[in-house]
Amino acid sequence: MPRPTAAQLAYGSCTVIFSTLAMLLLSQTSSSLGIVLIALSALALGLLVAMTVPLPKPAPATAVVRERVPAQRETASVSAASASSAPEPVREPAGP
């Protein structure tokens, strides 16, 4: 099981804190059973939010292959171009 990321921890913690406060203020409960139920439901909601935060996706392995293929084609085209063209003679300046 992968470890939770910082974003998952932050979103889950904020959800637990804010949903607990909101439910306690809105319900105005003073019984211990009501407080326990609100706390448990806030924890469940925080876990749900933390687990649904999208995880960063690793780079696909095919990206490396795609980068290598154009480099090989470029090398082949450069060598083909140099092989097809004949070297030009060097012209030297005329003497005095």
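Throughout, numbering of the chain's residues begins at 1 and tracks the sequence. Just so you know, these numbers come straight off a predicted model, no measurement behind them.
Screening T15, T20, L21 for a side-chain contact (heavy atoms from CB on, under 4.5 Å) with I17, the sole residue that qualifies is L21.
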Donor-acceptor list for residues 37-54 side chains, cut-off 3.5 Å, not counting sequence neighbours:
residue, atom, partner, partner atom, Å
S41, OG, L37, O, 3.1
S41, OG, I38, O, 2.9
T52, OG1, L48, O, 3.0
T52, OG1, V49, O, 3.1

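Contact record, R3 with Q8: O-OE1, 4.3 Å, taken as the closest heavy-atom pair.
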